[in-house]
Amino acid sequence: LFRSDQPEIALRFYRRLLQMGVYNCQLYNNLGLCCFYAQQYDMTLSSFERALSLSENEEEVADVWYNLGHVAVGIGDLTLAYQCFKLALANNNDHAEAYNNLAVLEMRKNHIEQARALLQTASSLAHRSEEH
């Protein structure tokens, strides 16, 4: 539902899971994105903060920072987006999507060589994960 451009309906399901006592990093991470895309901005950051506090490993932390990077792009704060994607990589150096999005930001700055290197890294990581 979230992926099919119906964040309000997805939000209802996530809230129902919370009422049922389901509390974990992934739920709050997705809830943060749903709140953002449903334009319920008051809950967006608190959901991501909760996701970070419930994270059990560096991969989960990286995913939260990656999603926060998307929110930053959505509000037009590309400096914050850059920092969020870097924090994703600091927690999971194999996060291909974060490399990809950093490459896009570097392209916007017309930093062609940095973008190329980041895209090559993203591509090799993506191919490596497809093999497993």
Kindly list each side-chain donor-acceptor pair under 3.5 angstrom involving residues 84-94, sequence neighbours excluded, with atom names and distances?
from, atom 1, to, atom 2, distance (Å)
Asn91, ND2, Leu87, O, 2.9
Asn92, OD1, Asp94, N, 3.0
Asn93, OD1, Tyr99, OH, 2.7
Asp94, OD1, Arg128, NH2, 3.2

Applying side-chain hydrogen bond (donor to acceptor under 3.5 Å, both in side chains), name anything that partners [X], two or more places apart in sequence or on another chain.
{"X": "Glu56", "answer": "none"}
{"X": "Asn100", "answer": "none"}
{"X": "Tyr28", "answer": "none"}

Measuring from [X]:[atom1] to [Y]:[atom2], what's the distance to the nearest 0.5 Å?
{"X": "Asp63", "Y": "Phe48", "atom1": "CG", "atom2": "CZ", "value": "11.0 Å"}
{"X": "Leu31", "Y": "Asn67", "atom1": "CG", "atom2": "CG", "value": "12.0 Å"}
{"X": "Phe36", "Y": "Leu33", "atom1": "CZ", "atom2": "CG", "value": "9.0 Å"}
{"X": "Asn30", "Y": "Cys34", "atom1": "CG", "atom2": "SG", "value": "6.5 Å"}
{"X": "Met43", "Y": "Arg50", "atom1": "CE", "atom2": "CZ", "value": "11.0 Å"}

I want to check something: taking the side chain as every heavy atom from C-beta on, are [X] and [Y] in contact at a cut-off of under 4.5 Å?
{"X": "Leu11", "Y": "Cys35", "result": "yes"}
{"X": "Leu54", "Y": "Leu27", "result": "no"}
{"X": "Trp65", "Y": "Gln83", "result": "no"}

Connected hydrophobic set around Val104, excluding itself, where side chains approach under 4.5 Å: none
Fellow cluster residues of Ile112, listed by chain then number, with links counted only when side-chain atoms sit under 4.5 Å apart: Met107
side-chain contact (heavy atoms from CB on, under 4.5 Å) assessment of Tyr82 paired with Lys109: CA-CA 12 Å; Tyr82 189 87; Lys109 296 182 200 174; 4.1 Å; yes
Residues that Gln26 engages under side chain to side chain contact (heavy atoms under 4.5 Å, CB included), provided they are two or more places apart: Asn24, Glu60
Donor-acceptor under 3.5 Å (Ser55 side chain, Leu52 main chain): yes
Exam field: side chain His111 to backbone Gln114, donor-acceptor pair closer than 3.5 Å: no
Pairs satisfying side chain to side chain donor-acceptor pair (under 3.5 Å), at least one member in residues 39-49, at least two apart: Arg15-Gln40
Linked, directly or transitively: Leu125 and Leu119 (ILVMFWY side chains, under 4.5 Å): no
Under the salt bridge (charged side-chain N to carboxylate O under 4.0 Å, His left out) test, residues paired with Glu113 that sit two or more places apart: Arg116
If you look only at distance, which donor and acceptor atoms sit under 3.5 Å apart when one is on a side chain in residues 69-81 and the other is two or more places apart or in another chain?
from, atom 1, to, atom 2, distance (Å)
His70, NE2, Tyr66, OH, 3.0
His70, NE2, Asn101, ND2, 3.4
Asp77, OD1, Thr79, N, 3.4
Asp77, OD1, Leu80, N, 2.9

Closest approach of Ala126 to Ala96 (non-hydrogen atoms, all atoms of both residues): N-CB, 4.1 Å
